[in-house]
Amino acid sequence: MSESPVKELQAKLGCEWPFINRAAKSAKEKTDQIRSILTSGLPLDSEDRSIVTFGSLARNEWTSGSDLDWTLLIDGMADPEHLTIARTIARSLEHGFKAPGQTGIFGNLAFSHEIIHHIGGQNDTNRNTTQRILLLLESKVIGLKPDAYERVLAGILDRYLTEDTSILTSGTAKKSRVPRFLLNDIVRFWRTMAVDFANKQRERGGQGWALRNLKLRMSRKLIFATGLLTCFSCSLNPSKVMQDAESGLGDTVQSFVNHLKQFARKTPLEVLGEATLSYKVPQKVISELFESYDEFLALLGDEDKRKVLENLNFTDAQTNPLFADVRKIGYRFQDGLTKLFYETPRIRELTIMYGVF
Amino acid sequence: MRKVGFSTGALAKGDFRRAVGMLQQAGVALIELSALRQSELQPLAEALPDLNLSSFSYVSVHAPSRIDGGTEKCVLAFLDTFVQRGLPIIIHPDAIQDFSAWRSIGSLLLVENMDLRKRIGRTASELSEIFSKLPDAALCLDLGHARQVDSTMSEAALILGKFGSRLKQLHISEVNTMSHHESLSLSAIRAFNKVSHLIPDDCPLILETPVRPEEIQKEVDRARDALAFSALLPAGVA
C-alpha cells in the first residue's frame, strides 16, 4: 500500500484538499498532545489494556468541533482497578477536550471477551457491535501500549474468518474470496447507524438533527464504504500472503487475518484513496469524493456554521441555506460512491453480488 | 511421526542430570539442556564431557535468559563448549548485549521469539530487526509465546512465512496470562494445529511444559496432536 494515498492522489490530480490536510495535521498534533498527557503520570496502559480512540481523531480528521471518543480496551485478567484507571483517563482529558457523546459507548471500559465472542446472537448488543466494527474501521491507539488492541483486532478478524464457511468451501464463494460474515456485519452496522439516526431524532426531540444528518451522509457513510472496500480487497487486491496461501484450509484464515489487519491500521480516507489508485477510478470520480469530503471537513471546522447545524432541527433545515449546502455536499459524495461501486468494472461485480443480498 | 523431546528445565529445574535420567527412562530421543539461569551454565558446560547423551538423536542448549552486565564474554566462552560439539544454542534476543559478539556462533545460534513480558522479538517485524543483526542465526519458534502474543496464530503464520527457512527447532507449551508454562490444553492444541502445516515434519519439537515423570509420554502424545494437521474445526466443536 502507498504510505499516503491521499497525498499521492493530490499530487497525481495536481490539486489540494486543504481541509483534509489540515484535519490530518491537527489529528497528529492532538494525538501527540494526548499521548503526552496520558504518559505524564503513572502508566495507565499495559500489555493487557490499550487506550483506543475512535471518531475524528482515529480517522485523522480533527477539527475545532471534534470531541474525543476513547475507550480503555481490556484483554487480560479482570482487575477491579480497571474502572479507576478509566476514570483517571477521563479526568486527565477533561480539560481541553470535548467529552465523548451521550451514548455511553465511549469514555469507559470495553472488554475483549464480549467483543470477540459475541458476534451475532442475543448477546451482541448495539453497543457491542458498534465497538467491534469501529475497532476494525475507525480506531487508533493513543496510549503507548498497542498489544491488547492488536490482539483484539486479530481475534475479531479470526472469528469472522474461521466461521465464514463461504470462504472455506469450494466453488464460487471461495473463488471470489470476499469474507461474507464480516461484510454482513459491516452492512448491518451501517443500517443500524441509519436506524439509530432516526431513533435519536425521536429520543432527543430533534435536537442536533442537522449536524447528525451531515455526519451520517459523510463520515458514517465513508466508513461503511471503506468497510466494503476492505472486504472486496480480499478478492480484488489480495496481499502476497494471501496469494501464496493457495493450498490448505489452514493457510486461508491466517492469510486473510494478516491481509485485513493492514486495512484496520489505515484511516478510512487512506483506504478509499488506495482503492481509487488500485482500481484506476476516473479522476472525475476521485474529485467528487474527495472534494466533497474536503468541504464537509471545512464545514465541521467552521465554528459558526457548526453551531447553526447543531441547533437546526429537521423542520427548520428544509428552508435553511446552510443545510442546502449540506445536501449538495452529501449528494456529491453519494454520486462519487455510486460511480465507484457501480461503474468501476471490478468493484461493480462484487457490489452486485454482495452489496444487497 | 514428529520427533518430540523435552527441556530439562521443565522436568527438573536446576537439576539437568535428573532430567536427563527421566527422559532416558521414558525413551524420549530429543533433549534441550537448560541453562536458563546464568548460574546453571558453568556446571552444565563442565559436566558435558561426562554426560551420557548417546540415547538422544537431538541435543540443544538453552542459554541464560538474562546475562549479568560485564559477563557476556564469559557466557560466550562457556557456550563455546557446546558450539564446538555442534549443539544448537537457543537464545532470548533481549539477553544479548553485544550482537557482534554472538555472530561467530552462526547458524547454531537459534533466536527464540519472545512472550508478552518482553519488548522485542515478539512479532515478525521485531524479529526482522534481530535477524538483521544476526544474519546467519536460525529460529527457534516458541509456539506458546507466539500464541500469547496473538491467540489467532496469524502472527505465528507471519513469522513462519517470513523466517520459515531459518526454522531449526520449536518450543511447545501453553503459556498462561502470567507468562508461565503449563501443560498443553485443548485450546493450545487447537491453536497450534492452525500452523502445523507450515512446520516441516522433521523439525525438532521441544516441550517446555512442567510435568511429572509419569506424564512425559502423555505430554509427548499431546504435542504430536498439536502439530498434526487436521481439518479446520469451527469454534465449539471439540
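Chain naming here is simple, since letters A, B, ... match the order of the sequence lines and numbering starts at 1 in each. Since the model is a prediction, treat every value here as computed from it, not as a measurement.
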* Within 6.0 Å of NZ in A/K145, more than 12 heavy atoms from elsewhere -> yes
* Asked: Minimum heavy-atom separation for A/Q254 to B/S154, with atom names?
  -> CG-CA, 3.6 Å
* **Within-4.5 Å side-chain heavy-atom neighbours: A/K261 and B/L158** => no
* In residues 138-152 of chain B, which residues are in contact with chain A at a heavy-atom separation under 4.5 Å? -> B/Q148, B/V149, B/D150, B/T152
* Would you give the length of the straight line joining atom CZ of B/R190 to atom OG1 of A/T162, rounded to the nearest 0.5 angstrom? => 9.0 Å
* To do: Pull out the residues in residues 106-126 of chain B that come under 4.5 Å of chain A, heavy atom to heavy atom, sorted by number.
  => B/L116, B/R119, B/R122
* Asked: If you count the non-hydrogen atoms of other residues, nucleotides and ligands that lie under 6.0 Å from CZ in B/R224, is the total more than 12?
  -> yes
